[in-house]
Amino acid sequence: MTPAPAMPAAIPDPPEALFPPWPERQRIDDYLTRELARAQERVAAGPATPTLDLEVFRRELARFDFTVPRPLPALLDWSMSVLEHGVVHLTHPRYFGLFNPAPSFPAQCADRIVGSFNPQVASSATSPAAVALEAHVIRMVAQRAGFPASCGGHFTSGGSEANYTALLCALTRAHPQFAADGARAFPGQPVFYTSKECHRSWVKIAHQAGIGRSAARLVATDGGGRMAPEALAAAIAADVANGHVPFLIVASAGTTNAGMIDPLAACADLAQRHRLWYHVDAAWGGAMIASEKLRGALAGLERADSATIDAHKWFATTMGCGMFLVRDATAQSDVFQVAASYMPSHEMSVDPYMNSAQWSRRFVGLRLFLSLAAAGWAGHAVHIERAVDQTAQIRAGLEARGWAIVNDSPLAVLSAVPPPARGEPRKVVERVLESGRAWVSVARFEERDVIRICVTHGETSAADIAILIESLTRS
Ligand SMILES: Cc1ncc(COP(=O)(O)O)c(C=O)c1O
């Protein structure tokens, strides 16, 4: 006689700390919404820079050994306080910083919605609506950038991933055996070209892709931060003569240091002449497609095989939300196609896991969808034009006080050099950061240190600009 099966042990209820009852969730959520609004008010009125003592914080952290659970409301207060005092505030209206924005409200709403549903965007079977929505936004953006109806692309974690994807598409198109054999398929070292002012993700990408950092040819600029087409042509000719295999030209449309735009049409001509993939890294500057008034500065973008435009830069979504746009949508599936029997859908041209580097992925596209749907291209145009106009005001204010602006960007970033009496750029920046009144940074532009000032917060006011100028010139 077979023994009766043992009674299963009683299954415990789900842990309440992880899955509180709904009324409790709602109460905490309401509290969080209210407290976050208050914290952001304090941020705007306080210093832009962190004030937290990191040593004290590390000691506090060490006490979290996760053996004794703590009540969530207290942990939320603690977390908000850590962020309020422990980071540089992108949400501060005097953050004149790197290209990361104060996020738009629609984008933040998207994050809440997505966090609640947590759809799996790897597959069109699991998230048909999310996948269709992202594809729609990508097509709209790509077509606005001048790409044809056959275009495609996808959301990425950011500009670095989008750039990496471009390089893989270029390599895959450059040699039919690259997919199977990697870099050794080429008869010589595959090499690509971008300017010495490019974003340094390109150097890492060369390493990651296995073609080696030396494959990134950092071409000379014209003295004004733009890739010099003659230097580019000469570099290609020298590589061909030496048995290397050029496969890609990358132009920057909005360099990270100084917002300069490479000669996009001349780079396109060279790519065409040498049959190279042409990528435009418009991670920040690409948002100018929203503005009828300013988008002319991007002429030539429409000739690219692919482009990077980050929603989490000048489109002001939360991070990470980049975009890879590609003229011929099949190029990305050529790179990322894969067979996986456990996946519930296998549609080559549709399924994100077969068209992009990521697999399980957050539904980030809703952020840009809601921003564009709520504000339209026109609303984003105002956001961009406002920043460009404010940049001109800062320029005028500094020049009137004897400063030099050494870049000539049509975008919203200045490379500023103080008069000698004020001291080195680095010293001036240190003083401004110590005061906490604004955030600016030091960058290298054409072999010299400059103060990099980028208008990136959508609500920076005339009073904020006056305080910035005062902080820079009097500190
Ligand atoms: C021109 C350019 N490309 C690429 C990137 C990398 O983007 P991310 O930081 O989103 O990876 C940046 C970042 O500032 C950039 O300015």
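Order of appearance sets the numbers: ligands from 1, and atoms from 1 within every ligand. Because only heavy atoms are used, hydrogens play no part in the values below, and waters and symmetry mates are left out as well, while side chains stay in.
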Is it the case that the side chain of Q390 and the backbone of T460 share a donor-acceptor pair, with hydrogens and angles ignored and the cut-off at 3.5 Å? yes
Has the side chain of R437 got a donor or acceptor atom that lies under 3.5 Å from a matching backbone atom of E434?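 No; judged by distance alone, with no hydrogens or angles, the pair does not exist.
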[X] heavy atom under 4.0 Å from ligand 1:
| X | answer |
| --- | --- |
| K313 | yes |
| H312 | yes |
| F99 | yes |
| S252 | no |

Quick one: nearest non-hydrogen protein atom to atom 12 (C) of ligand 1, plus distance? H199 CD2, 3.1 Å
What is the nearest protein non-hydrogen atom to atom 16 (O) of ligand 1, stated with its residue, atom name and distance?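 Ranking protein heavy atoms by distance from atom 16 (O) of ligand 1, first comes T256 OG1, 2.8 Å.
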Would you check the N or O atoms of D281, main chain and side chain alike, for any that come under 3.5 Å of an N or O of ligand 1?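 Yes.
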Do G158 and ligand 1 have an N or O pair less than 3.5 Å apart?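 G158 vs ligand 1: no N/O contact under 3.5 Å.
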Check each atom of ligand 1 against the heavy atoms of S160 and keep those under 4.0 Å away; list them by number with element.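 So the answer, numbered in order with elements, is 6 (C), 7 (O), 8 (P), 11 (O).
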Check ligand 1 against G254 and write out every atom of the ligand that is under 4.0 Å from a heavy-atom position of the residue.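 Close to G254: 1 (C).
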Does D310 approach ligand 1 within less than 4.0 angstrom via side chain, backbone, both or neither, non-hydrogen atoms only? side chain
What part of N163, side chain from CB on, backbone N/CA/C/O, both or neither, has a heavy atom under 4.0 Å from ligand 1? side chain
Just do the side chain to side chain donor-acceptor pair (under 3.5 Å) check on Q108 and T318 with the steps written out, would you? CA-CA 7 Å; Q108 293 183 55; T318 46; over 6 Å; no
Side-chain donor-acceptor pair present, E197, T221, cut-off under 3.5 Å: no
Residues D281 and S252: side-chain donor-acceptor under 3.5 angstrom: no
Give a yes or no on whether a salt bridge exists between R173 and D305, defined as a side-chain N under 4.0 angstrom from a carboxylate O.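 Here R173 does not pair with D305 in a salt bridge, since their nearest N and O are not under 4.0 Å apart.
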More than 12 foreign heavy atoms under 6.0 Å from CZ of R426: is that the case here? no
So, for Y95 and H457, is the gap between ring centers shorter than 6.0 Å?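 Aromatic pair excluded; centres sit 6.0 Å or further apart.
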